Number of protein chains: 2
Amino acid sequence: MDQFQHNSAGYLANHMARLFAAGLARRIQPLGLAPAQFMVLLELWHSDGRTQADLTAALDVEQATMANTLKRMERDGLIRRLPSEEDRRARLIHLTDRARALEAEAKAAAGAQNAQALAGLDEAERATFTALMRRVIGNMQRG
Amino acid sequence: MDQFQHNSAGYLANHMARLFAAGLARRIQPLGLAPAQFMVLLELWHSDGRTQADLTAALDVEQATMANTLKRMERDGLIRRLPSEEDRRARLIHLTDRARALEAEAKAAAGAQNAQALAGLDEAERATFTALMRRVIGNMQRG
DNA sequence: ATTATTTACATAGCACGCTATTTAATTGGA
DNA sequence: TCCAATTAAATAGCGTGCTATGTAAATAAT
């Protein structure tokens, strides 16, 4: 039936994620940021000077995905990589002044996107929604 | 805080959609299909011989995205494009025998992925979940 | 009828996700 | 100690999403 795709959780999840990404992209583009860069910045604003492996684990993406995102962030002047003292294979990721200066505005933009997405949902509905997403994520992670 | 990204609806939506896509990809790969191709096939199994513009609207992606997906599907022997009689700009998309033969197996694979994702959710929870996703999608579409 | 606009599709170029492979450094075991 | 296994990161190649442009056909407006 025609409803199969539009009713399936998988289709809705994909559609919803695309709309989230597009909305966030539109809002942070004036700051010179892309969505995946913003996620890395969230981690680094929280604690700077981490390894690529640490960021990879924190955001649950593949190592190669993170490596490419960091390459673009370095190109764009958002991070610098300094050799680690303890492990000569690793390079620690450090925010630039430019990236540090973007924190408030970027977080506000992301907050606005979340607010728009969740408009009309009361606190209980928001809690239910995120709890259900977490359960579904858990189901797919083990398996 | 560390919880910002992992608790935000946007992060969860992105994560969930990636897990859905990865699970579906793994399940339909033995059939020689990729996720976006499967979505197009769902539309064509339902009604064949449509225009690219029609498929674009049905799946709510950009025209260029659909054009590229259809190019790969043609390359992979899933579709053929026949000139439209009424409009010489348009080419109607037709399933090949190979694509037609994959319907049952591919739908079963997608159903299994959805079942895994929604395991442990009763009917009411599933209904709540999809209803909430639809509301959130609606919020982001208008604006 | 001619011109302007719209429509259908293709293409270029980019972001970001993935798998698979390679290189270099570190760690562990014989 | 020396060799094997592991670990950190880079790179290649691809799928799928996007915006921006270009081209040809169809439609609308003058």
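Just so it is clear: chains get the letters A, B, ... in the order the sequence lines come, proteins before strands, and each one is counted from 1. Fair warning: this is a prediction, and the values are worked out from it, not measured in the lab.
Of the candidate nucleotides D:dA25, D:dT19, C:dA10, C:dA10 has the atom nearest to the side chain of B:Arg91. Of the listed nucleotides (C:dA15, D:dG15, C:dA25), D:dG15 has the atom at the smallest distance from the side chain of B:Arg75.
Following rounding to the nearest Å, A:Leu33 (CG) and C:dC16 (P) show an atom-to-atom distance of 10 Å. Atom pair B:Arg18:CZ and C:dC16:P shows a separation of 12 Å (rounding to whole Å applied). For B:Leu82 and C:dC9, the CG to C1' distance is 16 Å, given to the nearest whole Å. In this structure, A:Ile28 atom CD1 and C:dA15 atom P are separated by 13 Å, rounded to whole Å. Spacing between atom CE of B:Met73 and atom P of C:dA10 amounts to 14 Å, rounded to whole angstrom units. Atom CG of B:Asn68 is separated from atom C1' of C:dA10 by 9 Å (rounded to the nearest Å). Atoms CZ (B:Arg88) and P (D:dT23) sit 19 Å apart, rounded to a whole Å.
Taken to the nearest 0.5 Å, the CZ atom of B:Arg81 stands 11.5 Å off from the CG atom of B:Leu92.
Contacts of A:Ala36 with the nucleic acid, taken as non-hydrogen atoms under 4.0 Å apart, involve only primed sugar atoms and P, OP1 or OP2. At a threshold of 4.0 angstrom between heavy atoms, the contacts of A:Ala22 with the nucleic acid are absent. Looking at heavy-atom distances under 4.0 Å, B:Ala67 makes contact with a base. Heavy atoms of A:Glu62 sit under 4.0 angstrom from at least one base atom. Note on B:Arg72: a base of the nucleic acid sits closer than 4.0 angstrom, heavy atoms only.
A close approach under 4.0 Å does occur between a side-chain nitrogen or oxygen of B:Lys71 and OP1 or OP2 of C:dT11. For B:Arg81, a side-chain nitrogen or oxygen approaches OP1 or OP2 of C:dA10 to under 4.0 Å. For B:Gln29, no side-chain nitrogen or oxygen approaches OP1 or OP2 of C:dC18 to under 4.0 Å.
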Requested in this report: Begin from the C-alpha positions of B:Asn139 and B:Arg135 and carry the test side chain to side chain donor-acceptor pair (under 3.5 Å) through to its verdict.
Outcome: CA-CA 6 Å; B:Asn139 281 341; B:Arg135 284 174 66 188; over 6 Å; no

Query raised in the report: Should A:His94 and A:Ile79 be marked as a side-chain contact (heavy atoms from CB on, under 4.5 Å) after you check the CA-CA gap, both sets of side-chain angles, and the distance that decides it?
Result: CA-CA 5 Å; A:His94 289 269; A:Ile79 58 165; over 6 Å; no

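Two residues, B:Asp60 and A:Asp54, neighbour DNA chain D, and the one matched to the more 5' nucleotide by heavy-atom proximity is A:Asp54. Comparing A:Asp87 and A:Thr65 by the nucleotide of DNA chain D that holds the closest heavy atom to each, the one mapping nearer the 5' end is A:Asp87.
For D:dA10, its base sits under 3.5 Å from the side chain of A:Gln63 at one donor and acceptor pair at least. Not a single donor-acceptor contact under 3.5 angstrom links the side-chain atoms of A:Arg89 to the base of D:dA8.
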